[in-house]
Amino acid sequence: MAGDYHVDLQALTEAASGVNETLDRTCVQKVSDIPHDESAIGHHALASTLSDFLDRWQRGVDNLAKDGEEIATRLTANVKAYRNADQAVYGQLNQILTGNNDPGEK
């Protein structure tokens with residue numbers, strides 16, 4: 001039934017906004033900002049291991065950020081598509097209800 005289906009466009013918009021805000025915060029502080037050189041750690045092998053770990057961690061964060069950007073883009077595109085569909089249906093119904101349903105007239 002049509003009455004059982006509802007898309008909350010505000011929730012989709014807020015979700016996209018939330019993802020973008022999280023990505024913005026992620027860009028401000030990089031994993032590589034964590035002190036990991038030998039002078040900060042005090043041990044060469046440990047500093048080297050930590051550096052490798054932080055490099056992999058940063059790559060993971062970067063990949064998640066790319067995925068997050070894609071999610072936000074798709075959420076925004078879906079909101080736009082739903083709004084365009086709603087406007088098109090409203091326009092068609094308005095033409096029918098006002099008696100101006102000749103597709104040749106503008």
Side-chain angles (χ1 to χ4, degrees):
M1 286 171 101
D4 294 337
Y5 182 76
H6 175 76
V7 176
D8 187 343
L9 298 181
Q10 184 64 31
L12 291 179
T13 301
E14 289 173 5
S17 178
V19 170
N20 283 325
E21 287 174 14
T22 300
L23 291 172
D24 289 344
R25 285 193 304 268
T26 302
C27 291
V28 170
Q29 188 172 9
K30 298 284 187 188
V31 173
S32 59
D33 292 341
I34 298 172
H36 59 277
D37 60 345
E38 188 174 345
S39 64
I41 302 301
H43 189 273
H44 174 71
L46 181 57
S48 177
T49 300
L50 182 57
S51 179
D52 290 343
F53 172 76
L54 294 177
D55 288 342
R56 289 191 309 273
W57 185 7
Q58 186 63 56
R59 282 193 301 267
V61 169
D62 292 343
N63 287 333
L64 288 172
K66 287 178 189 174
D67 292 346
E69 289 172 359
E70 182 67 24
I71 289 168
T73 298
R74 289 183 184 206
L75 286 169
T76 301
N78 279 303
V79 169
K80 189 174 188 176
Y82 277 114
R83 285 197 174 127
N84 288 342
D86 283 348
Q87 289 174 354
V89 169
Y90 175 79
Q92 291 292 323
L93 288 174
N94 192 35
Q95 286 179 352
I96 292 169
L97 293 175
T98 61
N100 182 13
N101 57 0
D102 183 359
E105 291 185 30
K106 298 230 181 213

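Predicted model only: the values in this text are computed from it and were never measured.
D62 CG to W57 CH2: the interatomic distance, rounded to the nearest 0.5 Å, is 12.5 Å. Here the NE2 atom belonging to H44 is positioned 9.0 Å from the OG1 atom belonging to T49, to the nearest 0.5 angstrom. Note that the CZ atom of F53 and the CG atom of D55 stand 11.0 Å from one another [nearest 0.5 Å]. Atom OG of residue S51 and atom CD1 of residue I41 lie 10.0 Å apart, to the nearest 0.5 angstrom. Separating the CG atom in D86 from the CG atom in L9 is a distance of 6.5 Å, to the nearest 0.5 Å. A distance of 13.0 Å separates CD in Q87 from CD in Q92, rounded to the nearest 0.5 Å.
Remark: side-chain polar atoms of N94 are not paired, donor with acceptor, to backbone N or O of Y90 under 3.5 angstrom. When atom types are taken as modelled, the side chain of D33 and the backbone of K30 share a donor-acceptor pair closer than 3.5 angstrom. Side-chain atoms of Q58 come within 3.5 Å of backbone N or O of V31 as a donor-acceptor pair.
I71 and L64 fall into different hydrophobic clusters, where Ile, Leu, Val, Met, Phe, Trp and Tyr are joined by side-chain heavy atoms under 4.5 Å apart, directly or via other members.
Looking at Q29 and I34, their side chains never come closer than 4.5 Å, going by heavy atoms from C-beta outward. Taking 4.5 Å as the limit, every side-chain heavy atom of T76 sits out of range of all side-chain heavy atoms of V79.
When all heavy atoms of L12 and L75 are compared, the closest pair comes out as CD2-CD2, 3.6 Å.
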Legend entry - Test salt bridge (charged side-chain N to carboxylate O under 4.0 Å, His left out) applied to E70 and R74, step by step: CA-CA 6 Å; E70 182 67 24; R74 289 183 184 206; 2.5 Å; yes
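Here R56 pairs with nothing under the salt bridge (charged side-chain N to carboxylate O under 4.0 Å, His left out) rule; sequence neighbours left out.
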